[in-house]
Peer 1: 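Here it is: the structure, laid out below.
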Amino acid sequence: MFPILWRVGLQSAAYLLLAILPLGIAYFGTTDEGRGFWIEFGVGLGMVAFALLAMQFITTARFRWVVPYVGSDAVIYFHRQAGILVLLIFLAHPLILFAADPAYLAYLDPRVNFLRAVFLIAATIAMLLVVLLPLGGLRFGLSYEWWRLTHGLLAAAVLVVGLAHSLMVGHYVSGLAVQVAWVVATLIAIGLLIHARVVKPLRMRRKPYRVARVIPERGDVSVLVLEPDGHDGMTFAAGQYAWLTLSETPFSLQQHPFSMFSSSKVRERIEFAIKEAGDFTSTIKDVRPGTRAFLEGPYGAFRIDPRAEAAVLVVGGIGATPALSMLRTARDLGDRRPFVLIYGNVRREDIAFRDELETLTNELDLKVVHVLSEPEPEWTGESGSITKEILDRHLAPLADRDVQYFVCGPPPMMDLVEHALLARGVPHWRLLSERFDFI
Ligand SMILES: Cc1cc2nc3c(=O)[nH]c(=O)nc-3n(C[C@H](O)[C@H](O)[C@H](O)COP(=O)(O)OP(=O)(O)OC[C@H]3O[C@@H](n4cnc5c(N)ncnc54)[C@H](O)[C@@H]3O)c2cc1C
């Protein structure tokens with residue numbers, strides 16, 4: 001546990017340091033001109049907003065060295081919260097300057113400098129759009145993919161305007177070394193965007209996959225079986241996910257995240273269990289064998305700790321996918337540890353992978369508890385929501401063990417189960433959640 005905390009602590013400290021680095025450079029680089037506290041404060045906020053905005057590109061660059069410790073959902077959550085902070089600081093920067101000295105209003109006056117005013121006003125509108133639209137879930141008719149691309153490009157445009165503004169204002173950014181540092185920071189941020197959008201697809205192009213077959217499952221689920229085309233396939237840990245592109249080219253904007261469904265011990269094929277949820281997922285059942293596919297990954301911290309003495313998987317609906325991968329892998333490894341799968345579904349006929357789970361109970365030390373929210377009258381198993389009482393009933397035999405808990409399913413179920421597990425005394429660091437709706 002502690003190495004992970006150390007790494008998260010170090011990454012957080014590095015983040016904070018980079019955020020205030022421009023202030024340090026300014027402090028040591030320039031002499032005080034007696035402009036007064038509020039002006040210096042307002043100017044300082046502008047520099048911090050610039051640094052924080054540049055760092056937003058790190059959290060969306062899908063670096064595996066960030067995600068393994070905290071999970072992709074936590075990284076995206078952080079990106080959103082940091083985005084709000086950047087916007088607040090970004091807006092506070094001019095407002096404080098205008099309040100401290102109204103002469104600064106000239107920056108927005110097109111009669112004084114037309115281009116400067118237009119760019120600053122446009123950057124402010126772009127910044128508001130970049131942060132507020134995702135929070136409000138507004139896409140103005142753009143598909144998710146086009147919206148994501150626009151979000152990145154607008155943020156990059158704001159950064160470039162911010163750079164030009166800092167260089168033109170001068171003062172703290174008048175020395176050559178500081179100017180070079182500012183330009184390099186901007187180039188790194190934009191480089192990260194190019195890395196995600198150009199370099200990664202180029203790498204993926206060297207490792208294509210082919211759809212081998214599509215197998216229908218219960219509950220509007222299709223199992224997509226891919227085979228590596230001319231390479232050894234992907235190494236992943238059971239529970240992780242990858243971004244899937246079904247297209248002749250990895251540069252396609254269509255890229256969706258799916259948890260691996262197959263055993264991580266099988267390299268010659270990789271499977272995804274995909275439930276119909278919208279435009280893309282509804283097409284999976286009709287995908288033809290031979291279709292070209294690309295995978296970016298693996299990602300995610302939802303994986304079994306080899307030191308844990310047992311694993312409890314509490315899942316709902318299609319959230320069972322990573323759990324199935326873990327159980328299939330445990331079978332292939334001959335893992336003798338106890339597993340408990342608590343699996344929520346609406347009705348019995350919706351339970352995907354029911355037959356395979358029955359087989360797995362004979363191959364592993366596995367107990368499967370089905371919980372149905374709308375059971376048929378003849379159902380004698382657990383029913384309703386997955387509550388603390390249900391968990392208490394089935395998890396008591398594991399009381400003295402070092403158990404790792406995994407939660408994946410619809411958001412209301414996950415909230416309920418996470419609270420119930422914590423109320424049972426499960427330590428935070430032994431509870432892992434995978435949210436399919438984090439984006
Ligand atoms: C880590 C992770 C693992 C997942 N694993 C599985 C799995 O194993 N099986 C499964 O069936 N589903 C899984 N999902 C959910 C799956 O990614 C979405 O259901 C799918 O992307 C929806 O696309 P759509 O166009 O069919 O639906 P839409 O109706 O267009 O979208 C429904 C919602 O899905 C999200 N979404 C849409 N497009 C994208 C995209 N390109 N990238 C990310 N999110 C998008 C948006 O929040 C959107 O509001 C997983 C999601 C995540 C984040």
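Since this is a predicted model, take the numbers as computed values, not measurements. Every number for a ligand or one of its atoms is a count from 1 in the order of the listing.
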Peer 1: Is ligand 1 under 4.0 Å from a heavy atom in the side chain of Trp243, in the backbone, in both, or in neither?
Peer 2: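 It is the side chain that touches ligand 1; the backbone stays farther off.
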
Peer 1: Under 3.5 Å between some N or O of ligand 1 and some N or O of Phe258?
Peer 2: no

Peer 1: Show the atoms of ligand 1 that are less than 4.0 angstrom away from any heavy atom in Ala273.
Peer 2: 7 (C), 8 (O), 9 (N), 10 (C), 11 (O)

Peer 1: Under 4.0 Å from a heavy atom of Gln255: which atoms of ligand 1 are those, numbered in the order shown and with their elements?
Peer 2: 40 (C), 41 (N), 42 (N)

Peer 1: Report, in ascending order of atom number, the atoms of ligand 1 lying under 4.0 Å from any heavy atom of Gly278.
Peer 2: 24 (P), 26 (O), 27 (O), 28 (P), 29 (O)

Peer 1: Going by the angle between their ring planes, with limits at 30° and 60°, are Phe261 and Phe353 parallel, tilted or perpendicular?
Peer 2: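 Correct class here is tilted.
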
Peer 1: Evaluate Glu434 for polar contact with ligand 1, using N/O atom pairs at a separation under 3.5 Å.
Peer 2: no

Peer 1: Any atoms of ligand 1 less than 4.0 Å from a non-hydrogen atom of Thr321? List them with their elements.
Peer 2: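 Taking each heavy atom of Thr321 in turn, ligand 1 has 8 (O) under 4.0 Å.
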
Peer 1: Would you mind running through ligand 1 and noting each atom that sits below 4.0 Å from a heavy atom of Arg435?
Peer 2: 53 (C)

Peer 1: Ligand 1 and Phe436, any nitrogen or oxygen pair closer than 3.5 angstrom?
Peer 2: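 Between Phe436 and ligand 1 (N or O atoms, distance only) the closest approach is not under 3.5 Å.
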
Peer 1: Taking both backbone and side-chain atoms of Pro257, is any N or O found less than 3.5 Å from an N or O belonging to ligand 1?
Peer 2: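 Yes; the residue has a nitrogen or oxygen that sits under 3.5 Å from a nitrogen or oxygen of the ligand.
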
Peer 1: Give yes if a backbone or side-chain nitrogen or oxygen of His256 is under 3.5 Å from a nitrogen or oxygen of ligand 1, and no if not.
Peer 2: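 It does: an N or O of His256 is found under 3.5 Å from an N or O of ligand 1.
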
Peer 1: Say you draw a straight line from CG of Leu153 to CG of Leu193; how long is it, rounded to the nearest 0.5 Å?
Peer 2: 6.0 Å

Peer 1: With no hydrogens and no angle check, just 3.5 Å: does a side-chain donor-acceptor pair link Ser433 and Glu418?
Peer 2: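 Indeed, the side chains of Ser433 and Glu418 share at least one donor-acceptor pair under 3.5 Å.
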
Peer 1: Does any N or O atom in Thr281 lie less than 3.5 angstrom from one in ligand 1, N or O only?
Peer 2: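 N/O-N/O distance below 3.5 Å exists for this pair.
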
Peer 1: Is it the case that ligand 1 has an N or O less than 3.5 angstrom from some N or O of Ser259?
Peer 2: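 Ser259 vs ligand 1: N/O contact under 3.5 Å present.
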
